[in-house]
Number of protein chains: 2
Amino acid sequence: MEKMPVRAENLFASFPQLRAELEQMKVAHHFRTGGIIFRAGEIPLGLYIVQEGLCKLEAISECGAAHTLRLVGPGGVLGYRSLFADEPYHASAIAVENTDVYFIPKVEVMHLFHKHPEVTLRFLSHLAKDLRAAETKWIHQIDKGAPQRVAESLLFLSEKFKHANWTRREIAQWAGTTTETVIRTLAQFEKEDLVAQAGREIKIIDRERLIERAEI
Amino acid sequence: MEKMPVRAENLFASFPQLRAELEQMKVAHHFRTGGIIFRAGEIPLGLYIVQEGLCKLEAISECGAAHTLRLVGPGGVLGYRSLFADEPYHASAIAVENTDVYFIPKVEVMHLFHKHPEVTLRFLSHLAKDLRAAETKWIHQIDKGAPQRVAESLLFLSEKFKHANWTRREIAQWAGTTTETVIRTLAQFEKEDLVAQAGREIKIIDRERLIERAEI
DNA sequence: CGTGTTATTGAAGTGTATCAAATTGCGTGG
DNA sequence: CCACGCAATTTGATACACTTCAATAACACG
């Protein structure tokens with residue numbers, strides 16, 4: 001299975017001095033579950049650093065379906081792709097659970113880059129890894145079946161964050177399939193003793209074989 | 001239709017001084033059609049700037065199918081994603097037609113970044129746009145049908161480069177489908193007077209309606 | 001002039017989306 | 001605290017677009 005890297009480290013967190021500088025310029029915001037940090041189409045004015053909680057980047061396709069592009073947990077950064085590309089956001093950022101973020105204005109980011117070139121390189125590396133993840137996702141969408149993608153998603157999401165209950169819909173939006181297919185696949189996995197479902201909860205029982213299931 | 005941006009400009013090309021520096025360190029290589037610039041799994045040692053010709057980044061999936069991730073023409077750069085992510089290449093770079101490239105060792109690149117921070121930002125922007133393209137491709141894979149993706153691919157590929165004859169297989173590998181489906185779709189498009197096929201050549205007749213066809 | 005790649009066509013199978021309808025679970029307000 | 005209402009879940013039936021496999025034809029290239 002392609003391991004989707006979970007990078008929880010703060011992109012800015014290395015230098016004590018840097019941390020102090022950030023303290024100066026940051027603006028704290030709180031969002032409750034479902035809250036919208038920014039919307040597709042808006043112009044990026046800066047970056048959002050996730051302090052606590054979990055956010056998803058959600059794109060609505062032309063036919064009205066929602067797809068989850070990326071997930072960002074504590075230490076992660078929101079809004080950098082559009083900011084650096086100098087484009088409007090092409091996805092919305094939504095809090096999956098109660099979330100605290102710090103906003104850093106664009107000028108401050110640029111100033112930071114100027115003062116600490118290593119940070120720029122850090123972002124370069126980060127974007128490069130995101131690009132790989134996205135390209136891998138495309139390939140898997142092509143030549144893996146829905147069950148494999150669901151297995152993969154279960155593994156990834158469970159590792160990514162203890163966000164207790166991923167709904168079947170959320171899993172579907174991450175896996176690139178429909179809610180119904182996720183449900184039927186989970187039923188099948190349960191029959192094979194790979195997972196156990198208690199109400200809405202999903203528990204992975206046999207991680208080993210689930211990994212195999214994601215690969216076949 | 002999502003416009004996949006064609007960025008032919010050289011990422012390094014802005015400053016005369018920079019150009020001069022590049023001249024110093026570059027190493028020229030030539031590849032004929034089908035030649036392999038680098039292979040998936042190898043460790044990146046630097047960047048390749050495409051001077052003349054056209055290259056594709058091709059990933060072979062677990063089940064043995066080839067998929068075209070990106071295309072890079074004159075002025076474009078090969079191998080930056082893996083270099084910046086500090087990972088082995090996850091795709092191979094292959095010359096689609098006779099191609100001249102310049103190789104720039106990693107140390108030189110880093111030195112360049114150090115000396116000209118704006119160049120780093122240029123790459124940041126470039127990667128950000130590639131990421132968007134990849135995410136868009138994933139979404140389209142999910143909720144567009146094969147004919148729409150073929151239409152989209154025809155438009156993109158014809159704009160991207162006058163690389164005279166894209167084979168049906170190459171189109172399929174870009175569109176995320178099979179050769180047979182491309183063939184049948186082209187036959188359908190021909191019946192609708194959107195394209196004309198003369199032997200292996202494909203000519204777009206009604207660009208307007210083909211764009212519509214990619215959107216439906 | 002052969003030999004391998006590319007193109008073409010046909011038949012068959014199947015995985016998944018889609019639609020619809022019933023049920024469960026959860027939060028909220030009365 | 002219970003009841004209500006809405007969202008999430010579940011199940012079934014149906015349709016069909018696309019892949020897959022196979023076999024032939026056309027073409028390019030050495």
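Chain A is the first sequence line, chain B the second, and so forth, proteins listed ahead of strands; every chain is numbered from 1. Values below: every heavy atom of this structure, side chains too, minus hydrogens, waters and symmetry copies.
- For the pair B:I142 CD1 and D:dC18 P, the computed distance is 15 Å after rounding to whole Å.
- Atom-to-atom, CD1 of B:I202 to P of D:dC27 comes out at 15 Å; the value is rounded to the nearest Å.
- Between the CG atom of A:N165 and the P atom of D:dA8 there is a distance of 13 Å, rounded to whole Å.
- When only modelled atom types and interatomic distance are considered, A:S158 and A:R207 share a side-chain donor-acceptor pair under 3.5 Å.
- Applying the 4.0 Å criterion to OP1 and OP2 of D:dT9, one finds that A:R168 has a side-chain N or O inside that range.
- Computed from coordinates, the A:L186 CG to D:dA8 C1' distance equals 13 Å when rounded to whole Å.
- A sub-4.0 Å separation between OP1 or OP2 of C:dT6 and a side-chain N or O of B:T167 is absent.
- One interatomic measurement links the two molecules: CD of A:Q141 to C1' of D:dT19, which rounds to 15 Å at whole-angstrom precision.
- Within 4.0 Å (heavy atoms only), B:T177 reaches sugar-phosphate atoms of the nucleic acid but no base atom.
- Of the candidates A:T181, A:L194, A:L154, A:L186 forms a side-chain contact (heavy atoms from CB on, under 4.5 Å) with just one, namely A:L154.
- Taking 4.0 angstrom as the limit, B:T181 places a side-chain polar atom (N or O) nearer than this to OP1 or OP2 of D:dT19.
- Contact check on B:E192 versus B:R213 returns a salt bridge, with a Lys/Arg side-chain nitrogen under 4.0 Å from an Asp/Glu carboxylate oxygen.
- B:I171 places its CD1 atom 13 Å from the P atom of C:dT6, with the value rounded to the nearest Å.
- Going from atom CZ of B:R169 over to atom P of C:dA7 covers 9 Å, rounded to whole Å.
- Of the candidates D:dT9, C:dA7, D:dT20, the closest approach to any side-chain atom of B:I183 belongs to C:dA7.
- Distance CZ (B:F189) to P (C:dT8): 15 Å, rounded to an integer number of Å.
- Between A:E152 and A:K144 there is a salt bridge, since a side-chain N of the basic residue sits under 4.0 Å from a carboxylate O of the acidic one.
- Geometric assessment of A:K56 against the ring of A:W174 yields a negative cation-pi assignment under the 6.0 Å and 45° thresholds.
- Ring-plane geometry between B:Y48 and B:F103 is classed as tilted, the angle between the planes lying from 30 to 60 degrees on a 0 to 90 degree scale.
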Got a list of protein N/O to nucleotides 21-26 of chain D N/O distances below 3.5 Å?
from: D:dC21; atom 1: N4; to: B:E180; atom 2: OE2; distance (Å): 3.2

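- Side-chain N/O atoms of A:E190 and A:Q197 include a donor and acceptor closer than 3.5 Å.
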